[in-house]
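Just so you know, residue 1 is the first one in the sequence shown, and it goes up from there. Both backbone and side-chain heavy atoms feed into the values below; hydrogens, waters and symmetry mates do not.
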Amino acid sequence: MGFVPLILVVIVLLPLVWLELRRYGQARLDGKVSDAMRARLGRRLLSAGLLVVVTALVGFGLEFRTLFQPSQLVGYFLICGLLLCLLVGTMIYDIRAVVRQSLLEFHDRDAEAARFQAFMARDASLPHELFQKGKVGGGEPGRTRKPLG
């Protein structure tokens, strides 16, 4: 029973690692590999490897716990706990780095200017009769706004 979670973790991680490797490989072929993308791939592969190792160690400890003395078992699971804390820390660091990179890309001045220009072009293309005085925003003819109060 101890190695069933390991099998499940590997089954879930294989497609995720494959997706990250494909994304990095495609970016590399397109010549758009940045330092942030390399670091992201490294963090994701480190997290996946740590998850497999921690799951395997816990499964091994649970399956063969009769081979250990109680003090050895406590030490063994403390090491597993420390590796788990390292894994969680790596995942939190990855999330923070991805959010930071997304915010940097969003607040890029050139991209922000392009989004503003697209918004203004869309705003200029709206029909002007919707904004005539006295008309309802839905554009229904013959219906005017009533004053408040």
Side-chain angles (χ1 to χ4, degrees), residues 1-132 135-140 145 148:
M1 178 65 189
F3 292 107
V4 171
L6 176 63
I7 294 168
L8 293 176
V9 164
V10 169
I11 288 172
V12 169
L13 279 181
L14 279 177
L16 294 175
V17 168
W18 176 252
L19 175 72
E20 283 297 321
L21 289 173
R22 258 187 51 207
R23 181 181 292 162
Y24 179 76
Q26 187 62 41
R28 191 166 176 171
L29 288 175
D30 294 341
K32 298 178 182 178
V33 177
S34 64
D35 290 337
M37 185 171 281
R38 283 188 193 98
R40 175 182 166 172
L41 178 68
R43 287 188 307 266
R44 299 269 167 103
L45 291 178
L46 177 66
S47 296
L50 279 173
L51 183 61
V52 168
V53 166
V54 167
T55 308
L57 286 174
V58 169
F60 178 79
L62 289 175
E63 192 70 28
F64 301 109
R65 64 181 167 261
T66 57
L67 298 176
F68 297 106
Q69 295 176 0
S71 61
Q72 291 174 333
L73 196 61
V74 168
Y76 182 82
F77 281 116
L78 280 177
I79 292 171
C80 291
L82 289 174
L83 285 175
L84 184 63
C85 289
L86 180 66
L87 171 65
V88 170
T90 305
M91 288 180 174
I92 290 172
Y93 182 72
D94 181 47
I95 291 169
R96 288 187 64 218
V98 168
V99 168
R100 186 181 309 126
Q101 183 66 28
S102 297
L103 287 175
L104 285 174
E105 289 174 3
F106 180 76
H107 290 297
D108 181 26
R109 292 196 183 269
D110 295 332
E112 190 172 351
R115 284 192 302 272
F116 180 71
Q117 292 296 330
F119 174 75
M120 292 305 291
R122 187 183 69 205
D123 189 40
S125 68
L126 288 175
H128 292 287
E129 60 267 2
L130 291 178
F131 299 108
Q132 289 178 353
K135 293 273 184 174
V136 174
E140 299 175 18
R145 292 184 182 173
L148 297 174

Asker: Rounded to the nearest 0.5 Å, how far apart are OG1 of Thr55 and CD1 of Ile7?
Answerer: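 Those atoms lie 11.5 Å apart.
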Asker: Is the backbone N or O of Leu62 less than 3.5 Å from a side-chain atom of Arg65, with the two atoms forming a donor-acceptor pair by type?
Answerer: yes
Asker: If you compare all heavy atoms of Leu13 against all heavy atoms of Val52, which two are closest, and at what distance to 0.1 Å?
Answerer: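 Answer, listing the atom of Leu13 first, then Val52: CD1-CG2, 3.6 Å.
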Asker: So which heavy atom on Val98 is nearest to which on Arg44, and how close?
Answerer: CG2-NH2, 3.6 Å
Asker: Give, for atom CG of Leu83 and atom OG1 of Thr90, the distance between the pair rounded to the nearest 0.5 Å.
Answerer: 10.0 Å
Asker: Taking atom OH of Tyr93 as the centre, report whether more than 12 heavy atoms of other residues, nucleotides or ligands fall under 6.0 Å from it.
Answerer: no
Asker: Kindly compute the distance separating CG (Leu19) from CG (Leu14), expressed to the nearest 0.5 Å.
Answerer: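 The CG atom of Leu14 is 12.5 Å from CG of Leu19, to the nearest 0.5 Å.
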Asker: Name all pairs fulfilling the side chain to side chain donor-acceptor pair (under 3.5 Å) condition that reach into residues 23-37, sequence neighbours left out, sorted by first residue then second.
Answerer: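 Non-adjacent pairs meeting side chain to side chain donor-acceptor pair (under 3.5 Å): Glu20-Arg23, Gln26-Asp30, Asp35-Arg38.
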Asker: Would you list the pairs meeting side chain to side chain donor-acceptor pair (under 3.5 Å) in which at least one residue belongs to residues 68-86, sequence neighbours left out?
Answerer: none
Asker: Measure across Leu57 and Cys80 and return the closest heavy-atom pair with its distance rounded to 0.1 Å.
Answerer: CB-SG, 3.7 Å
Asker: Give the minimum heavy-atom separation between Leu84 and Val54, together with the two atoms involved.
Answerer: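 Closest heavy-atom pair between Leu84 and Val54: N-CG2, 4.0 Å.
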Asker: Looking at every non-hydrogen atom in both residues, tell me the closest pair between Met91 and Ser47 and how far apart they are.
Answerer: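 Shortest heavy-atom separation between Met91 and Ser47 comes out as CG-OG, 4.0 Å.
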Asker: Minimum heavy-atom separation for Leu73 and Gly61, please, with both atom names.
Answerer: CD1-O, 4.3 Å
Asker: Once rounded to the nearest 0.5 Å, what's the spacing between atom CZ of Phe77 and atom CD1 of Ile79?
Answerer: 11.0 Å
Asker: Answer yes or no: is there a side-chain heavy-atom contact under 4.5 Å between Leu86 and Leu82?
Answerer: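 Not touching, per the 4.5 Å side-chain cut-off.
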Asker: Could you tell me whether Arg40 and Asp94 make a salt bridge, using a distance below 4.0 angstrom between a side-chain N and a carboxylate O?
Answerer: no
Asker: Would a 4.5 Å heavy-atom cut-off, applied to side chains only, mark Leu21 and Leu41 as touching?
Answerer: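 Yes - at least one pair of side-chain heavy atoms lies under 4.5 Å apart.
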Asker: State the CG-CZ distance between Leu29 and Arg22, to the nearest 0.5 angstrom.
Answerer: 12.0 Å
